[in-house]
Number of protein chains: 2
Amino acid sequence: MTDGQKLLIGEAARRADLNPKTIRFYEEIGLIAPTGRTTSGYRLFDEEGVSRLAFIRKAQALGFTLAEIREILALRDVGSMPCDHVEVKINQKVGSIEERIAELEQLKASLTTLLERWKEAEAASAAVCPQIEGA
Amino acid sequence: MTDGQKLLIGEAARRADLNPKTIRFYEEIGLIAPTGRTTSGYRLFDEEGVSRLAFIRKAQALGFTLAEIREILALRDVGSMPCDHVEVKINQKVGSIEERIAELEQLKASLTTLLERWKEAEAASAAVCPQIEGA
DNA sequence: CTTGACCTTCCAGTTTACTGGAAGGTGTAT
DNA sequence: ATACACCTTCCAGTAAACTGGAAGGTCAAG
């Protein structure tokens, strides 16, 4: 069954840190292309497929929806001709990513400021920890 | 009905760029505290409430789940004593935000690289835009 | 030649985060 | 007084992204 260096769905799932069910689901919605099968119908994945899956996983963790990820992948998939349309799209994506980074920086700053303000208050009056709702 | 400078749900929704329904939903799941009512039962919101709502809106756009936002708000809500527990939590949040920023930078870099690679290819061979699947 | 860990499809259920609609009360404007 | 845009609760439905389970085929090992 060793079909070159292709992986079955379980191994692909392990490498991309996804559930096999999720991979089938991604295929169903066309996020990943049908990848080839063994004669007995088992899906086969190569390194490219696994890295695509891993990319999806990672982008998701960054808060992108599958629809957004689909768009980004589509950009990556446009062979080799960038034409203006694609260039504009990529620049838009980059722009929105930059915005996102800026807002995360802001959020980070607000948390750090919060902590600093507290630390000052603490320095002024030593006190005990009040109740904390279960995190 | 002008109850000081309090707003009805519709106006609060407009200012926080949310649907009134969504605000009621947030109250239902305890993301925002019950905010006071008119004698006739209309919810009232002050600037603090609106900014909390706007914060939720923004954090969501950054890809945080309501569960994560709940945690962040809880940190903000811990009156004035930071105690180690809360400090650790804030530092964890800041850490995960930094990670997220780093990964976004990476994603941005990979898109920029993609574009550059294309531009080089384009320079080498002038060509027409091939088909593009509907974005 | 059977056990066990894979794989397949299909279909239904879950979680998260809303969103819509009905039925009815409120408040100001004409 | 009646229209109109608000507001209320309650309950049901939706979309996105899985996730579980049944029923059954496949393959290497013992």
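Every chain is numbered from 1, with letters handed out A, B, ... down the list of sequences.
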Separation of atom [atom1] in [X] from atom [atom2] in [N], rounded to whole Å:
X	N	atom1	atom2	answer
Arg70(A)	dA15(D)	CZ	C1'	14 Å
Arg24(A)	dA22(D)	CZ	C1'	14 Å
Ile23(B)	dT8(D)	CD1	C1'	15 Å
Tyr42(B)	dA5(D)	OH	C1'	9 Å
Leu44(A)	dC27(D)	CG	P	11 Å
Asp17(A)	dC18(D)	CG	P	12 Å
Leu8(A)	dG25(D)	CG	P	19 Å
Leu62(A)	dA17(D)	CG	C1'	17 Å

Exercise. Between dC6(C), dT19(D), dT26(C), which nucleotide has the shortest distance from any of its atoms to the side chain of Asn19(A)?
Worked result: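 For Asn19(A), the side-chain atoms sit closest to dT19(D).
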For this session: Would you indicate which nucleotide in dT8(C), dC10(D), dC6(C) comes nearest to any side-chain atom of Lys21(B)?
Result: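 Minimum distance to the Lys21(B) side chain belongs to dC10(D).
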For this session: Specify the residue among Thr39(A) and Ile9(B) whose closest nucleotide of DNA chain D lies further upstream toward the 5′ end.
Result: Ile9(B)
Carboxylate-amine/guanidinium contact [X] [Y], below 4.0 Å:
X	Y	answer
Lys108(A)	Glu99(B)	no
Asp17(B)	Lys58(B)	no
Glu27(A)	Arg37(A)	yes
Glu47(B)	Arg15(B)	yes
Arg70(B)	Asp77(B)	no

Check this one for me: any side-chain N or O of [X] less than 4.0 Å away from OP1 or OP2 of [N]?
X	N	value
Arg43(A)	dT8(C)	yes
Ser40(B)	dG27(C)	yes
Arg37(B)	dT9(D)	yes

Exercise. Does the ring of Phe64(B) carry Arg100(B) above it, NZ/CZ under 6.0 angstrom from centre and within 45° of its axis?
Worked result: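 Satisfied, under 6.0 Å and within 45°.
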Seminar exercise, completed: Interatomic distance, CZ@Arg57(B) vs CD1@Ile69(B), rounded to 0.5 Å, equals 10.5 Å
Contacts under 3.5 Å, N or O only, protein and nucleotides 15-17 of chain C:
residue : atom : partner  : partner atom : Å
dA17(C) : OP1  : Leu66(B) : N            : 2.8

